[in-house]
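Residue numbers count from 1 along this sequence.
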Amino acid sequence: MIAGSVAAQEAVPKPAETAAQPSPASPKLPAIVITQIAEKQMTDRVVATGSIRPVDEIYVQPLVDGLSIRTINVDVGSEVKADSVLASLNDDDLILQRSQQEANRAKAEAGLAQYKAQMLEAKANLDDARRQRDRTQRLSQSGTSTISQLEQANAQVEVAEARLNAANQAVAVGQSDIAVVDAQIKDIDLKLARTGVKTPVNGIVSAKNAKIGAIASGAGEPLFTVIKDGAIELVADLSENDIQKVKVGQRANVTIAGSRKPIEGKVRLVSPTVDATTRLGLVHIIVDDHSSARAGMYGSAEIIIAETKTLALPLSAVTTSRSGSTARKVEDNVVKQVKVETGIQDGSFVQIVSGLNPGDKVVAKAGAFVRDGDRIAPVTAEPSAIENGG
């Protein structure tokens, strides 16, 4: 019985032992997003921030001291032309002084006329004395006149000559007196002309300190401040690295606080020095004076350094370290790390100067967990995702 049961059990087949063993599955490659290097229009720019200031401010001061302000013709914000009168000073005292000097001139002219009459009389006396001397000299030669009479005639000639010289000097003094009075009148006329406080340039009045009735003084604060030609500029700070790229004449897009619309500008001046403490230098960017910008406003500027069409990759595809920049090139689905030289950075893209060729494919995200020599299943990235850094 026992032997039969054992034989029966051995005769029954075992399904687990007789079933076919499955073949091992092939490994699945990781799906990695890749992108292709291509030409792209790129712009190299630097960003600077600062304040809007006038290019040139002109201080308008009175040219005559001690006179009160009679009228004011402009206010802050007024547009003015060169040589236009911004304010006028009280000229009553100057007019009185001129009248007095005219009276002095008339007196001097009367004195001069008197001196000229005396000169004519002295000249006539001299001529008569010379004739008397000549006659006495002839009589002395014929013996009808004495030596004493001749000496007396010579003395009278000398006296007449001295009187003529004195008369001539008196005339010169009288002419000088008139010249002095004329100079004083001209000085008063100049002061009268300067009672109109004028601006030397076209521009816009940015400050007014003048008040009617106040005594004008050239030593005090200016009566008016004028922005020459209304020209304003953004005076911005740049790092010592960025300022080396900026040149006079480069375009700039200026954005002022409270406005989203950029204003066209142009670099007018680049500071030749950099602050030794802050390591910052100043750049002056002139802006359209018809814009909404006002002196004192805060603003920022994008200065266009260069524009070029060049090979570029998304920033996410490039790894940068102290030893340089690298990208993970994909050839035949195999990752190969290559060194690249980068250039302009524009938004989410960076220029590739060397290390890759047009059409090369690289891993789109440098942080992807792949190593040099890994095989991958490439997945081409959507252009929109690359531009957005995804």
Side-chain angles (χ1 to χ4, degrees), residues 40-60 74-82 84 199-208 224-275 278-310 312 315 343-351 387-389:
K40 182 177 177 64
Q41 187 71 31
M42 300 192 72
T43 301
D44 187 13
R45 64 190 62 143
V46 295
V47 178
T49 58
S51 299
I52 301 291
R53 301 179 191 173
V55 175
D56 283 315
E57 279 190 318
I58 308 299
Y59 292 151
V60 181
V74 296
D75 206 338
V76 174
S78 299
E79 293 187 9
V80 294
K81 299 293 184 182
S84 60
T199 171
V201 297
N202 298 336
I204 297 175
V205 178
S206 60
K208 182 192 75 171
F224 303 93
T225 303
V226 177
I227 300 175
K228 183 180 179 181
D229 297 325
I232 54 177
E233 62 185 0
L234 176 69
V235 182
D237 294 315
L238 276 180
S239 69
E240 58 186 348
N241 293 328
D242 287 341
I243 201 171
Q244 298 180 55
K245 304 177 185 178
V246 179
K247 307 295 180 187
V248 173
Q250 290 175 336
R251 291 190 303 109
N253 294 320
V254 178
T255 303
I256 59 174
S259 175
R260 295 183 178 180
K261 185 178 180 181
I263 305 168
E264 289 188 5
K266 182 180 290 186
V267 176
R268 183 184 70 86
L269 185 148
V270 180
S271 174
T273 61
V274 171
D275 188 276
T278 63
R279 318 309 303 173
L280 298 175
L282 294 178
V283 59
H284 297 244
I285 303 168
I286 194 163
V287 299
D288 184 3
D289 58 332
H290 296 294
S291 67
S292 56
R294 296 290 183 271
M297 286 183 170
Y298 176 83
S300 62
E302 286 187 351
I303 304 171
I304 308 302
I305 305 300
E307 294 177 313
T308 182
K309 193 171 185 179
T310 182
L315 282 170
I344 298 171
Q345 181 178 329
D346 187 3
S348 60
F349 285 84
V350 63
Q351 178 188 14
E387 292 181 3
N388 294 327

- Residues in salt bridge (charged side-chain N to carboxylate O under 4.0 Å, His left out) contact with D237, at least two apart in sequence or another chain: none
- By salt bridge (charged side-chain N to carboxylate O under 4.0 Å, His left out), which residues pair with R53, not counting sequence neighbours? none
Atom of [X], atom of [Y] and distance for their closest heavy-atom approach:
| X | Y | answer |
| --- | --- | --- |
| K245 | V46 | CD-CG1, 4.1 Å |
| V80 | V74 | CG1-CG1, 3.9 Å |
| I263 | A293 | CD1-CB, 4.2 Å |
| V205 | D75 | CB-O, 3.6 Å |
| I286 | E233 | CA-CB, 3.7 Å |
| V270 | K247 | CG2-C, 4.4 Å |

- Query: Which residues satisfy the side chain to side chain contact (heavy atoms under 4.5 Å, CB included) test with D56, sequence neighbours excluded?
  - Reply: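 So D56 forms a side chain to side chain contact (heavy atoms under 4.5 Å, CB included) with K228.
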- Task: Apply side chain to side chain contact (heavy atoms under 4.5 Å, CB included) to Q244 and list each qualifying residue two or more places apart in sequence or on a separate chain.
- Result: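 Once residues adjacent in sequence are excluded, the partners of Q244 under the side chain to side chain contact (heavy atoms under 4.5 Å, CB included) criterion are N241.
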- N202 side chain to D229 main-chain N or O, any donor-acceptor pair under 3.5 Å?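 Judged by distance alone, no pair lies under 3.5 Å.
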- Message: Looking at T43, is its backbone amide N or carbonyl O close enough to the side chain of D346 to form a donor-acceptor pair, meaning the two atoms are under 3.5 Å apart?
- Response: yes
Can you check whether [X] reaches [Y] side chain to side chain, under 4.5 Å on heavy atoms?
| X | Y | answer |
| --- | --- | --- |
| E307 | Q41 | yes |
| I232 | R294 | no |
| T308 | I344 | yes |

Working to the nearest 0.5 Å, report the span between [atom1] of [X] and [atom2] of [Y].
| X | Y | atom1 | atom2 | result |
| --- | --- | --- | --- | --- |
| T49 | L234 | OG1 | CG | 8.0 Å |
| S292 | I256 | OG | CD1 | 3.5 Å |
| T225 | I204 | OG1 | CD1 | 13.5 Å |
| R251 | R45 | CZ | CZ | 9.5 Å |
| K309 | K40 | NZ | NZ | 10.5 Å |

- Item | Contacts of type side chain to side chain donor-acceptor pair (under 3.5 Å), residue D44, not counting sequence neighbours |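 Result, side chain to side chain donor-acceptor pair (under 3.5 Å) vs D44: none returned.
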Would you list the atom pairs, donor with acceptor, under 3.5 Å between side chains in residues 298-306 and any protein atom, with sequence neighbours excluded?
none

- Query: Considering residues, nucleotides and ligands other than E240, do more than 12 of their heavy atoms fall under 6.0 Å from its CD?
  - Reply: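 Atom CD in E240 is packed in, count exceeds 12.
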